[in-house]
Amino acid sequence: MATNDRPTDGDPAIDSRAEYNYRTETANRPDLTAALEARVDGEVRFDEYSREMYATDASAYEVLPIGVVYPTGTDDVATVMNYCAERGIPVLPRGGGTSLAGQTVNEAVVLDFTRDMNDVTRVDPDSGRARAQPGVTIGELNRTLEPHGLKFAPDPSTADRSALGGAIGNNTTGAHSLKYGKTDAYVEEVEVVLSDGTVTTFGESAVDELRASADPDGELLERIHDAVVRLIDDESEAIEAAYPTLKRNVSGYNLDGLVDDAATGTVNLARLLVGSEGTLGIVTEAEVSLEPIPNTKAVAVLCYRSLLDAMDDVDAILDHDPAAVEVMDDVLLDLARDTEEFADVVDILPEGTNSFLLVEFYAADDADRRKTVERLLDDRAGELAFDALTAYDEQRQQRLWKMRKASTPILLSRTGDEKHIAFIEDIAIPSEHLSEYIADFQEIMEDHDTFGSFYAHAGPGCIHIRPLVNTKTAAGVETMESISDDATDLAVKYGGSVSGEHGDGRARTQWNRKLYGEHVWQLFRGLKTAFDPDWLLNPGSVCGDHDMTEHLRFGPDSRFEAGFDPVLNWDNENGFQGMVELCHGCGGCRGSQAGTGGVMCPTYRATREEITSTRGRANMLRQAMTGDLPPEEAFSDEFVTEVMDLCVGCKGCSKDCPSEVDMAKLKAEVEHEYHERHGASVRDRLFANIGILSTLGSAAAPLSNYASKVPGARTVLEKTIGIARERSLPTFHRETFVDWFESRESRVDPDAAERNVLLFPDVYTTYNDPEIGKAAVRVLEAAGVRVELPDGVTSSGRPAFSKGFLDDARERADRNVNALVPRVRNGWDVVVCEPSDAVMFQSEYRDLLTGSDVDAVAENTYGVCEYVDVHRLDESLEFRTVGEQLTYHGHCHQKATGKDHHAVGVLRRAGYGVDPLDSSCCGMAGSFGYEAEHYSMSRAIGRLLFDQIEAGDGDSVVAPGASCRTQIGDEYDDNPPHPVTKLADAIA
């Protein structure tokens with residue numbers, strides 16, 4: 001019942017031509033590396049790159065680990081733990097690295113479970129239970145459970161990249177904790193490796209049985225039983241007095257749950273490990289109980305004129321038994337209105353909305369949910385809430401939830417030195433004190449001359465607050481600690497917890513002593529010692545010596561030295577540096593295609609290797625420019641090969657990443673500088689100037705086409721230039737699209753034309769597939785559009801940009817803008833058939849050039865289907881009955897710029913049934929898939945797309961990108977058509 005979605009083709013690095021292996025060749029502590037390699041089946045990586053990638057998580061902290069091991073099973077984990085225990089070497093279990101408090105970074109041997117220990121091993125629908133390994137993501141677990149009508153109930157927002165083991169380690173919950181509580185309620189049994197390498201199982205045990213086996217001087221397990229019994233027998237009253245009566249408390253160890261259960265005569269030791277952050281034992285398999293998936297849902301959004309009004313209303317709303325109550329304040333609403341992605345969503349709110357509460361209900365059927373919402377509105381609308389919205393259909397519900405989920409992306413998009421850091425963001429307070437607590441917290445921020453936004457889980461009293469702080473200054477670090485101290489006082493004052501969701505880690509461990517008092521703090525330490533006598537398991541967390549001001553990713557001693565002068569335009573705050581430092585580590589790039597969808601990050605989805613994720617690349621680039629790696633490392637052959645070359649430039653991260661890290665643009669800068677220092681290969685220059693080659697190939701056609709079919713020709717190409725022998729090569733046409741166009745007469749009277757278009761003759765359409773250009777002309781002219789080809793233009797510059805030849809790309813951009821802008825200013829639009837070229841005009845030209853001319857061209861350039869859709873040109877066309885079902889794979893550049901939907905719209909209106917795939921990059925990525933060393937990676941990425949195509953029910957596939965059509969054609973021996981061709985075919 002495996003859920004691992006790694007491609008069946010295997011690791012692309014196995015290909016003998018691949019020049020990468022996801023690491024450096026030098027290893028830290030080679031003796032330890034060799035010893036572990038000899039003892040475990042899993043991979044052992046103690047190289048510099050691997051260590052640097054695991055030095056961070058989604059928190060503000062950074063600690064270089066000793067090395068990384070990818071265990072394949074419990075035996076590997078036990079072997080590593082036993083070997084390290086005998087030598088006093090710390091060990092840290094880690095899931096997806098999405099922790100916000102720094103609990104998954106430490107100077108230790110890191111065990112990454114997500115790559116090879118990520119299976120669901122059993123589902124028992126009758127008992128409502130499942131067993132799984134710790135590396136499976138919650139999203140993957142739930143996709144396995146969905147056919148049974150069941151789910152693992154805790155639902156963190158990062159479910160598609162958060163591992164089950166991490167959920168157990170952190171006692172994860174989510175937006176629906178009002179209904180489901182925390183992870184500890186669902187863990188029934190765990191297989192666990194103890195601190196000496198012993199493998200045991202924890203589950204339900206009678207307290208009397210524990211007493212019988214307890215021995216303070218016995219073996220490790222007997223000493224653990226003794227410590228547990230002492231807590232039950234001697235410390236129950238102290239524990240009950242110290243713990244807040246709060247559903248959302250994940251600080252410290254689960255001692256309150258232990259003593260509560262003990263009153264029944266039975267305790268579950270598995271639940272004692274929940275929330276322990278890997279400090280008590282290493283979970284290698286877990287049995288969890290499940291909940292039924294709700295029959296149906298409804299959403300109401302209550303609108304308020306102030307945040308405090310909204311907070312005053314929470315308790316009354318809770319009387320209606322909602323599944324979730326989420327808040328978003330005026331700070332975030334104002335910021336959302338200024339974003340392209342969220343502005344239209346926020347605009348549906350009634351005028352005067354300062355803050356809102358999103359209330360969700362689960363219900364048995366439609367009638368039930370409508371009655372539930374109506375009761376809420378009858379009770380609360382017109383009281384503190386001045387207006388309300390409702391949503392019963394799934395699409396509208398998702399739109400309203402999108403508005404709430406806009407919070408984190410907006411806050412994380414700052415590129416300056418001041419950032420909204422997670423360090424007190426999940427204090428939990430009884431809901432009846434929310435209004436007072438927030439008023440007090442606003443005063444704290446005013447006293448510290450900063451601000452933040454209040455959002456998230458109002459129902460259970462866990463309001464996320466991220467003050468704006470600059471930890472690159474000593475004063476900023478002092479402010480962070482002072483705010484934390486004051487915030488902890490508020491938590492104590494209102495009977496709350498310093499962590500209602502994200503755990504202790506490096507950010508909050510030091511505050512547990514104040515929260516619980518000295519006596520319980522020492523009980524924590526005693527329990528830790530019983531489980532882990534030498535404090536080798538993730539030392540420092542929960543009850544250790546972590547100082548929240550130490551090991552900051554950006555501290556007062558931070559420095560940044562790019563080592564070169566960037567040549568692109570960086571309009572964000574702090575420019576190139578700001579983009580390099582932007583990744584906050586949430587791991588959004590590590591989601592699977594089935595779970596997260598979208599474009600980002602295709603190479604990670606193909607390999608499950610951290611270095612191939614946007615987070616991995618961003619961290620490596622930042623570390624190369626802040627001194628964590630040797631000087632000039634970013635421009636070394638090894639760095640470019642292992643880190644930058646495997647980025648396919650899909651641009652998905654510029655949209656799908658919550659922080660909008662633009663790795664494709666960063667890659668272009670680094671590769672440009674690499675060329676400046678080391679020169680460029682013949683193949684790179686060939687691909688960067690593919691227009692020249694295409695001109696020659698077309699002039700020599702058909703001989704140029706026959707040449708590639710000569711036996712041995714492709715092998716020679718691979719050995720001499722490095723073009724993969726398996727790839728089909730483009731076909732050249734003697735009559736180019738330009739030749740055809742210039743030999744014909746326009747079918748549209750210039751004086752009668754409603755619109756005028758300059759159809760840009762991109763290289764592929766001109767020389768390799770003129771039929772696409774002909775189809776575009778037919779569609780445009782049938783709609784009454786006057787079409788001309790522009791004079792004086794050259795290739796778009798996309799190939800040069802993608803290969804890092806930025807000076808060449810700028811020259812081409814400048815020439816094209818100068819040629820086009822007079823006509824554009826005279827009312828002409830620019831239309832492009834090849835998506836990557838269209839986006840080059842719309843986006844990258846502004847990275848290369850500045851001024852009103854480039855803005856005018858960019859704003860008036862369209863992809864061909866985008867142009868038809870935006871101006872509804874197809875509404876003037878008559879279409880024959882087609883009755884064909886199309887599977888549509890959109891181009892990643894258009895997806896990244898929000899322009900991919902246009903082709904789907906026009907094809908549907910033309911009468912086609914269209915199934916748009918939520919697919920990533922095809923893996924061809926321009927020249928990437930032609931390169932011999934990248935062929936296996938390209939195919940591994942492509943396999944994800946092929947699986948989606950084969951699972952669809954389309955009669956045929958359409959794809960606008962030339963690269964995509966080549967990749968699909970090489971798989972199925974039939975290149976799919978461009979959507980404009982299908983549109984032209986449908987015209988009556």
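The model shown is predicted, which means the values in this text are computed figures rather than measured ones.
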J.: For the residue pair Leu273 and Phe531, establish whether any side-chain heavy-atom pair is separated by less than 4.5 Å.
T.: yes
J.: Can you find a pair of side-chain heavy atoms, one from Val643 and one from Leu621, that are under 4.5 Å apart?
T.: no
J.: Given side chain to side chain donor-acceptor pair (under 3.5 Å), test Gln623 with Glu633 step by step and report yes or no.
T.: CA-CA 9 Å; Gln623 287 156 335; Glu633 180 70 17; over 6 Å; no
J.: Look up atom CG in Asp112 and atom CZ in Arg45, then write down how far apart they are to the nearest 0.5 Å.
T.: 9.5 Å
J.: Would Lys514 pass as a cation-pi partner of Trp521, given that its NZ or CZ must be under 6.0 Å from the six-membered ring centre and within 45 degrees of the axis?
T.: no
J.: Is the backbone of Glu140 close enough, under 3.5 Å, to the side chain of Thr137 for a donor and an acceptor to pair up by distance?
T.: yes
J.: Measuring from Glu610:CD to Tyr49:OH, what's the distance to the nearest 0.5 Å?
T.: 15.0 Å
J.: Can you spot which of Val105, Thr114, Leu111 makes a side chain to side chain contact (heavy atoms under 4.5 Å, CB included) with Arg94?
T.: Val105
J.: Donor-acceptor pair, distance only, cut-off 3.5 Å: does the side chain of Asn538 make one with the backbone of Val91?
T.: no
J.: If the condition is ring pair (Phe, Tyr, Trp, His ring centres under 6.0 Å), which residues does His420 pass it with, not counting sequence neighbours?
T.: Phe451
J.: Does Met937 reach the side chain of Leu646, with side-chain heavy atoms less than 4.5 Å apart?
T.: yes
J.: Between Asp662 and Ser654, do the side chains contain an N or O donor and an N or O acceptor separated by less than 3.5 Å?
T.: no
J.: Decide if the gap between the ring center of Tyr455 and the ring center of His464 is smaller than 6.0 angstrom.
T.: yes
J.: So, do Leu582 and Ser659 sit near enough that their side-chain heavy atoms are less than 4.5 Å apart?
T.: yes
J.: Please evaluate residues Ile89 and Arg29 with respect to the criterion side-chain contact (heavy atoms from CB on, under 4.5 Å), reporting the C-alpha separation (whole Å), side-chain torsions for both, the decisive distance (0.1 Å), and the verdict.
T.: CA-CA 12 Å; Ile89 300 170; Arg29 299 184 66 167; 3.9 Å; yes
J.: Under a 3.5 Å distance rule, please check whether Lys528 uses its side chain to pair with a backbone N or O of Thr279 as donor and acceptor.
T.: yes
J.: Should we count CG of Asp449 as having more than 12 external heavy atoms under 6.0 Å?
T.: no
J.: Can a donor-acceptor pair be found, under 3.5 Å and without considering hydrogens, that links the side chain of Gln103 to the backbone of Ala101?
T.: yes
J.: Treating Arg506 as the side-chain partner and Met548 as the backbone partner, does any N or O pair qualify as donor plus acceptor under 3.5 Å?
T.: no
J.: Which atom pair, heavy atoms only, marks the closest approach of Gly649 to Ala664?
T.: CA-CB, 3.8 Å
J.: Does the side chain of Arg622 reach to within under 4.5 Å of the side chain of Thr56, using non-hydrogen atoms?
T.: yes
J.: Within this structure, what is the CG-CG distance for the pair Leu568 and Leu666, rounded to the nearest 0.5 Å?
T.: 9.5 Å
J.: Would you call Arg39-Asp76 a salt bridge at under 4.0 Å N-O?
T.: no
J.: To the nearest 0.5 Å, tell me how far Leu100 CG sits from Ser59 OG.
T.: 7.5 Å
J.: Would you please test Asp645 and Tyr20 for side chain to side chain donor-acceptor pair (under 3.5 Å) and show each step?
T.: CA-CA 9 Å; Asp645 271 357; Tyr20 50 87; over 6 Å; no
J.: Given the ring of Tyr83, does Arg87 sit roughly above its face, with NZ or CZ under 6.0 Å from the centre of the six-membered ring and within 45° of the axis?
T.: yes
J.: Walk me through whether Gln133 and Phe113 qualify under side-chain contact (heavy atoms from CB on, under 4.5 Å).
T.: CA-CA 8 Å; Gln133 294 178 306; Phe113 292 106; over 6 Å; no
J.: Is it the case that the side chain of Lys667 and the backbone of Cys647 share a donor-acceptor pair, with hydrogens and angles ignored and the cut-off at 3.5 Å?
T.: yes
J.: Tell me if a side-chain donor or acceptor on Asn28 pairs with a main-chain N or O of Ile66 at a distance below 3.5 Å.
T.: yes
J.: Evaluate the salt bridge (charged side-chain N to carboxylate O under 4.0 Å, His left out) criterion for residues Lys665 and Glu669: first the C-alpha distance (whole Å), next the side-chain angles of each, then the deciding distance (0.1 Å), finally the verdict.
T.: CA-CA 7 Å; Lys665 188 175 177 181; Glu669 283 278 22; over 6 Å; no
J.: Which residues satisfy the ring pair (Phe, Tyr, Trp, His ring centres under 6.0 Å) test with Tyr516, sequence neighbours excluded?
T.: Tyr243, Phe524
J.: Taking all atoms of both residues into account, what is the closest heavy-atom pair of Asp160 and Gly139, and its distance?
T.: OD1-CA, 3.5 Å
J.: Might you point out which heavy atoms bring Val77 and Pro71 nearest each other, and give the distance in Å?
T.: CG2-CB, 3.8 Å
J.: Are Pro566 and Phe564 close enough that some pair of their side-chain heavy atoms sits under 4.5 Å apart?
T.: yes
J.: With no hydrogens and no angle check, just 3.5 Å: does a side-chain donor-acceptor pair link Glu425 and His502?
T.: yes
J.: Given side chains that start at C-beta, do those of Arg414 and Asn572 come closer than 4.5 Å, heavy atoms only?
T.: no
J.: side-chain contact (heavy atoms from CB on, under 4.5 Å) for Trp570 and Thr415? Distances and angles first, verdict last.
T.: CA-CA 11 Å; Trp570 296 90; Thr415 58; over 6 Å; no
J.: Given the ring of Tyr70, does Arg115 sit roughly above its face, with NZ or CZ under 6.0 Å from the centre of the six-membered ring and within 45° of the axis?
T.: yes
J.: For Thr72 and Met117, run side-chain contact (heavy atoms from CB on, under 4.5 Å): C-alpha distance rounded to whole Å, both residues' side-chain angles, the deciding distance at 0.1 Å, then the answer.
T.: CA-CA 6 Å; Thr72 60; Met117 289 182 68; 5.5 Å; no
J.: About how many Å separate CD of Glu277 and CG of Leu537, when rounded to the nearest 0.5 Å?
T.: 12.5 Å
J.: Establish, from distance only, whether the side-chain atoms of Asp47 and Ser50 form a donor-acceptor pair under 3.5 Å.
T.: yes
J.: Please check this pair: side chain of Asn574 against backbone of Gly416, looking for a donor-acceptor N/O pair closer than 3.5 Å.
T.: no
J.: Any side-chain heavy atom of Val80 within less than 4.5 Å of one from Val44?
T.: no
J.: Do the side chains of Arg23 and Glu638 get close enough for a salt bridge, i.e. N-O under 4.0 angstrom?
T.: no
J.: List the steps and the verdict of side chain to side chain donor-acceptor pair (under 3.5 Å) for Thr98 and Ser162.
T.: CA-CA 6 Å; Thr98 59; Ser162 295; 3.2 Å; yes
J.: Of all the heavy-atom pairs spanning Asp504 and Ser499, show the shortest one and how long it is.
T.: OD1-CB, 4.4 Å
J.: So does Glu418 have more than 12 non-hydrogen atoms from other groups sitting under 6.0 Å from CD?
T.: yes
J.: Is there a side chain to side chain donor-acceptor pair (under 3.5 Å) between His457 and Glu501 once you walk through the steps?
T.: CA-CA 10 Å; His457 317 305; Glu501 186 169 20; 3.1 Å; yes
J.: Kindly give the heavy-atom pair with the smallest separation between Ser613 and Cys589, and that separation in Å.
T.: CB-SG, 3.8 Å
J.: Would a distance-only check, ignoring hydrogens and angles, find a side-chain to backbone donor-acceptor pair under 3.5 Å from Arg615 to Arg590?
T.: no
J.: Under 3.5 Å, is there a donor-acceptor pair between the side chain of Arg605 and the main chain of Gly591?
T.: yes
J.: Give the minimum heavy-atom separation between Asn106 and Pro539, together with the two atoms involved.
T.: ND2-O, 2.9 Å
J.: Between the side chains of Tyr22 and Asp11, does any donor sit under 3.5 Å from an acceptor?
T.: yes
